[in-house]
Student: 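Before I ask anything, here is the structure I am working with.
We're numbering straight along the sequence, starting at 1.
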Amino acid sequence: KWMFKGSQVDWAIGVVESLDLERIEHWRDDEGRKPGGVEGRTPMKALLVAMVLGACEHLPYLATVYTDILYKHISAEKRTLLGISEPPERDDQQRWQNTYRSVVRRCHCLFDLMDPSPLPKNRRLTPEQFEAATKDLPEEIIGLRYDRLTWFINRLIEASLEALPREFRRRWNGHVGIDATPIRAYSGYDHCTF
């Protein structure tokens, strides 16, 4: 089985450490939320490292992928560094399910803090179920979460740029940004803008 090199994991840790994790933890405290998942099993930092590593390898953005990265594709030394426990035995399906659920809960803990949308996600619903599952979020919460999402995305872009060798950054005289091109999305809406 393939493994990430220790240097790749170290680089991803450096990217994540530049994101200001304390700020994200303050968001959780401000909303009075609990950690979401077993903190010792899947720390927020470890999840973000898995996300960075997955993105670098062009892997799908899925909790199953992050679980595999953390428990199958990094060394025991790096797992220990990230506060991740030893993986379950190969045939222990119940522990693998619990491990996966811990990663999913940690993902939701992170994403819910930045999700300005009151609409339900990750399931197919009838129109009646959709209407019933839509949250009633106050405008100030929607605005706050939108601001958090904007900050987080900008920090990811900045961290990616900071990871480039200085000589490449010095040669670039342009700008970096994400445009507002309408694209089809798999949702109840015809288009989403990114």
Side-chain angles (χ1 to χ4, degrees), residues 1-25 27-28 36-37 39 41-84 87 96 99-117 121-122 145-169 172 174-187 192-194:
K1 93 181 159 179
W2 64 273
M3 300 288 282
F4 283 100
K5 295 177 184 173
S7 59
Q8 289 174 295
V9 178
D10 290 338
W11 174 81
I13 289 170
V15 169
V16 168
E17 287 177 344
S18 74
L19 293 178
D20 189 5
L21 292 176
E22 286 183 21
R23 184 176 193 151
I24 296 169
E25 294 298 328
W27 295 345
R28 190 175 68 190
E39 183 69 38
R41 183 177 289 167
T42 311
M44 186 70 72
K45 180 178 177 179
L47 172 65
L48 291 167
V49 166
M51 290 176 163
V52 169
L53 290 170
C56 288
E57 291 297 317
H58 308 288
L59 298 173
Y61 301 104
L62 300 170
T64 51
V65 170
Y66 306 142
T67 304
D68 286 349
I69 288 172
L70 292 172
Y71 291 92
K72 297 178 182 178
H73 300 301
I74 62 174
S75 69
E77 174 191 352
K78 298 303 178 187
R79 271 197 307 275
T80 300
L81 182 64
L82 291 170
I84 298 291
W96 275 112
T99 300
Y100 167 74
R101 279 195 289 271
S102 175
V103 173
V104 168
R105 283 191 301 270
R106 182 63 63 213
C107 286
H108 285 292
C109 178
L110 174 63
F111 302 150
D112 289 350
L113 294 170
M114 298 181 280
D115 183 4
S117 171
K121 292 151 189 75
N122 301 325
R145 291 182 180 174
Y146 183 83
D147 290 344
R148 289 173 179 171
L149 181 62
T150 301
W151 174 86
F152 186 76
I153 290 170
N154 284 331
R155 278 304 303 135
L156 283 176
I157 293 169
E158 290 168 12
S160 300
L161 293 174
E162 290 166 5
L164 290 172
R166 184 177 178 177
E167 63 191 67
F168 293 145
R169 287 184 310 212
W172 177 250
H175 299 280
V176 175
I178 299 175
D179 69 12
T181 304
I183 60 171
R184 287 248 179 236
Y186 297 103
S187 71
C192 286
T193 302
F194 294 94

Student: Taking the side chain from Arg148 and the backbone from Ile24, do they hold a donor-acceptor pair closer than 3.5 Å?
Tutor: no
Student: Measuring from Arg155:CZ to Ser18:OG, what's the distance to the nearest 0.5 Å?
Tutor: 5.0 Å
Student: Report yes if the side chains of Val104 and His108 come closer than 4.5 Å at any heavy-atom pair, otherwise no.
Tutor: yes
Student: Quick one: pull up OG in Ser102 and OH in Tyr71 and give me the separation to the nearest 0.5 Å.
Tutor: 6.0 Å
Student: If every non-hydrogen atom of Ala50 is compared with every non-hydrogen atom of Ile69, which pair is closest and at what distance?
Tutor: O-CD1, 3.4 Å
Student: When Val16 is tested against each of Met51, Lys45, Met44 for side-chain contact (heavy atoms from CB on, under 4.5 Å), which residue passes?
Tutor: Lys45
Student: Measuring only between side-chain heavy atoms, which start at C-beta, is Arg23 closer than 4.5 Å to Trp151?
Tutor: yes
Student: Under 3.5 Å, is there a donor-acceptor pair between the side chain of Arg79 and the main chain of Ile74?
Tutor: yes
Student: Considering residues at least two apart in sequence or located in another chain, which fulfil the ring pair (Phe, Tyr, Trp, His ring centres under 6.0 Å) criterion with Tyr100?
Tutor: none
Student: Please, which pairs that meet ring pair (Phe, Tyr, Trp, His ring centres under 6.0 Å) have at least one residue in residues 46-70, sequence neighbours excluded?
Tutor: none
Student: When you look at Lys72 and Met3, which way does the side chain to side chain contact (heavy atoms under 4.5 Å, CB included) test go after all the steps?
Tutor: CA-CA 8 Å; Lys72 297 178 182 178; Met3 300 288 282; over 6 Å; no
Student: If you measure from CG on Leu110 to CG on Leu48, what distance do you get to the nearest 0.5 Å?
Tutor: 5.5 Å
Student: Can you tell whether the side chains of Asp115 and Lys121 come within less than 4.0 Å, N to carboxylate O?
Tutor: yes
Student: Side chains of Leu47 and Cys107: closer than 4.5 Å at any heavy-atom pair?
Tutor: yes
Student: Can you find a pair of side-chain heavy atoms, one from Arg28 and one from Cys109, that are under 4.5 Å apart?
Tutor: yes
Student: Could you give the distance from CG (Leu19) to CG (Leu21), rounded to the nearest 0.5 Å?
Tutor: 6.0 Å
Student: Holding to ring pair (Phe, Tyr, Trp, His ring centres under 6.0 Å), I want the full list of residues that pass it with Trp96, two or more places apart in sequence or in another chain.
Tutor: none
Student: To the closest 0.5 Å, what do you measure between CD1 (Ile84) and OG1 (Thr99)?
Tutor: 9.5 Å
Student: Give a yes or no on this: more than 12 heavy atoms of other residues, nucleotides or ligands lie within 6.0 Å of atom OH of Tyr146.
Tutor: no
Student: Mind checking what makes salt bridge (charged side-chain N to carboxylate O under 4.0 Å, His left out) contact with Lys5, not counting sequence neighbours?
Tutor: none
Student: Scan residues 4-24 for pairs that pass ring pair (Phe, Tyr, Trp, His ring centres under 6.0 Å), counting only residues two or more places apart or in two chains.
Tutor: Trp2-Phe4
Student: For Pro43 versus Arg106, what's the shortest heavy-atom pair and its separation?
Tutor: C-NE, 4.1 Å
Student: Rounded to the nearest 0.5 Å, how far does CH2 of Trp27 lie from CG of Asp112?
Tutor: 13.0 Å
Student: Less than 4.5 Å apart, any side-chain heavy atom of Asp10 and any of Lys78?
Tutor: yes
Student: Tell me, please, which residues at least two apart from Asp147 pass salt bridge (charged side-chain N to carboxylate O under 4.0 Å, His left out).
Tutor: none
Student: Write down the atom of Leu70, the atom of Ala46, and the distance for their closest heavy-atom approach.
Tutor: CD2-O, 3.5 Å
Student: A quick test of your reading: do over 12 heavy atoms of other residues, nucleotides or ligands sit less than 6.0 Å from CD of Glu22?
Tutor: no
